[in-house]
Colleague: 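After the structure tokens below, expect a handful of questions from me.
Side chains included, hydrogens not; waters and symmetry mates left out as well; all remaining heavy atoms used. Each residue takes its place number in the sequence, starting with 1.
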Amino acid sequence: MKKAILLLRENEKDVIYGEKNTEKLRKLVNLRDCCHLRGDLEALKPHLASADFICSGWGMMKLDKEFLDAAPNLKAVFYGAGSVKGFVTEEVWKRKILITTPMSANAIPVAEATVAQIILALKKAFLTEHTKSRRGIWEKPEDVRGAYGAKIGVIGMGAIGKKVVELLQNYDVKVYCNSSHLSDEGAAELGCEKMELEEMFESCDVVSLHAPNTPSKKNLIRGRHFESMKDDAIFINTARGAIVNEPEMIAELKKGRIFACI
């Protein structure tokens, strides 16, 4: 029977795998729980030496040369969380180790919630001062708002961003995307149009952030972006807070011009 180790944050193994799934795994492989050794490569080495597979999740150790040298039989890492960018290195691909992730499945509920927020926001469902004042929504033409003809900007075209764009095809909206990894042709195939970040904040009614939390993305979204947004525009962030300069965002939100779903 093939050998596998369970390697992730100990307090989250039940969240990702649970007792029933762990028992199913034990019927397929000789499974050893090594969560308590996470982060201690020396202590892990005896277990890695004979491991064919790693079942992991949040907190997976970096698969660098030293780690992989200690696991000469490793054939696959089954990752139970989202992005694998935090632990995968070039060494993994050199050794042709299979990496799996459920991020496409995880993206579905996030994208659905995002689109729900977009539609509600475009209908001014979150303008609480409007509700408190009991002002009739038809008093002024600019009060009438919905999804029809709205311009939606999507930043980051990973699994979530792509799913958001797909779901938005059901509405009469114009969708734009910002991604360094997607060509104009690729964007058109998905049903959107590429747009520079600055123009997106200036022209879109909603800007939705789904970019990965990488060093190059830290503080990508600044105060000047929020300052350039139209009155009543909406910013949505389902990505990591580090991508946004939060003090600068808060400063603009306090003016009451724009709204954010964080």
Side-chain angles (χ1 to χ4, degrees), residues 8-9 11-12 15-16 39 56-62 79-88 101-122 125-128 152-165 167-168 175-182 195-202 204-230 232-262:
L8 68 160
R9 293 174 190 155
N11 63 337
E12 288 170 341
V15 175
I16 294 179
S56 187
W58 295 301
M60 177 59 193
M61 296 169 65
K62 188 172 287 292
Y79 187 63
S83 173
V84 302
K85 291 182 179 180
F87 66 90
V88 170
T101 170
M103 63 180 181
S104 295
N106 290 349
I108 295 172
V110 179
E112 289 174 340
T114 298
V115 172
Q117 297 280 16
I118 289 172
I119 301 304
L120 285 170
L122 285 171
F126 303 123
L127 294 183
T128 53
I152 316 296
V154 179
I155 303 171
M157 291 299 286
I160 296 172
K162 288 179 180 177
K163 189 65 179 178
V164 169
V165 171
L167 293 174
L168 285 173
V175 185
Y176 301 90
C177 67
N178 180 271
S179 172
S180 58
H181 304 294
L182 191 66
M195 180 180 278
E196 293 297 323
L197 201 61
E198 286 70 21
E199 184 183 358
M200 182 176 287
F201 275 90
E202 290 171 3
C204 286
D205 299 293
V206 180
V207 176
S208 193
L209 177 63
H210 308 285
N213 183 20
T214 57
S216 64
K217 295 290 193 297
K218 185 175 181 179
N219 282 323
L220 175 69
I221 311 302
R222 309 291 304 235
R224 68 176 185 274
H225 295 108
F226 298 109
E227 290 169 6
S228 71
M229 294 181 84
K230 300 185 293 186
D232 286 352
I234 301 105
F235 174 68
I236 297 174
N237 185 13
T238 70
R240 303 301 181 187
I243 304 172
V244 180
N245 186 304
E246 291 188 339
E248 293 180 2
M249 175 186 70
I250 291 169
E252 189 61 27
L253 287 173
K254 284 182 176 180
K255 298 177 184 178
R257 286 192 323 104
I258 61 174
F259 188 84
C261 299
I262 307 299

Colleague: Using the rule given for side chain to side chain contact (heavy atoms under 4.5 Å, CB included), can you reason through Met249 versus Ile221, listing the C-alpha separation, both sets of side-chain angles and the distance that settles it, and then say yes or no?
Modeller: CA-CA 8 Å; Met249 175 186 70; Ile221 311 302; over 6 Å; no
Colleague: Which heavy atom of Ala242 sits nearest a heavy atom of Asn213, and at what distance?
Modeller: CB-OD1, 3.8 Å
Colleague: Enter the distance from Ile243:CD1 to Leu209:CG here, rounded to the nearest 0.5 Å.
Modeller: 5.0 Å
Colleague: Closest heavy-atom contact between Pro212 and Lys217?
Modeller: O-CG, 3.4 Å
Colleague: Any side-chain heavy atom of Met229 sitting closer than 4.5 Å to one from Glu202?
Modeller: no
Colleague: Sub-3.5 Å donor-acceptor pair from the side chain of Thr101 to the main-chain atoms of Gly82, do we have one?
Modeller: yes
Colleague: Between CD1 of Ile16 and OG of Ser56, what distance do you get to the nearest 0.5 Å?
Modeller: 7.5 Å
Colleague: Keeping to residues at least two apart or across chains, list the salt bridge (charged side-chain N to carboxylate O under 4.0 Å, His left out) pairs with something in residues 218-229.
Modeller: Arg222-Glu248
Colleague: Are the side chain of Asn237 and the backbone of Ile262 linked by a donor-acceptor contact shorter than 3.5 Å?
Modeller: no
Colleague: Between His225 and Leu220, what is the shortest heavy-atom contact and its length?
Modeller: CE1-O, 3.3 Å
Colleague: How close do Ile258 and Lys230 get, heavy atom to heavy atom, and via which atoms?
Modeller: CG2-O, 3.5 Å
Colleague: Within the structure provided, determine whether Ile118 and Ile234 are in side-chain contact (heavy-atom separation under 4.5 Å).
Modeller: no
Colleague: Tell me whether the rings of Phe226 and Phe235 are parallel (<30°), tilted (30 to 60°) or perpendicular (>60°).
Modeller: perpendicular
Colleague: Looking at Met195 and Cys204, what are the two nearest heavy atoms and their distance?
Modeller: SD-SG, 4.3 Å
Colleague: Apply side chain to side chain contact (heavy atoms under 4.5 Å, CB included) to Val206 and Gln117, showing your working.
Modeller: CA-CA 10 Å; Val206 180; Gln117 297 280 16; over 6 Å; no
Colleague: What side-chain donor-acceptor pairs closer than 3.5 Å can you find for residues 105-116, not counting sequence neighbours?
Modeller:
| residue | atom | partner | partner atom | Å |
| --- | --- | --- | --- | --- |
| Asn106 | ND2 | Ala81 | O | 3.4 |
| Thr114 | OG1 | Val110 | O | 2.8 |

Colleague: Would you give the length of the straight line joining atom CG of Leu197 to atom OG of Ser179, rounded to the nearest 0.5 angstrom?
Modeller: 11.5 Å
Colleague: Look up atom OG in Ser228 and atom CE in Met200, then write down how far apart they are to the nearest 0.5 Å.
Modeller: 11.5 Å
Colleague: If I take atom CG from residue Leu122 and atom CG from residue Asp232, how far apart are they, to the nearest 0.5 angstrom?
Modeller: 10.5 Å
Colleague: Show every side chain to side chain donor-acceptor pair (under 3.5 Å) that has at least one partner inside residues 253-262, sequence neighbours left out.
Modeller: Asp231-Arg257, Glu252-Lys255, Glu252-Arg257
Colleague: Rounded at 0.5 Å granularity, tell me how far OG in Ser104 sits from NZ in Lys162.
Modeller: 9.0 Å
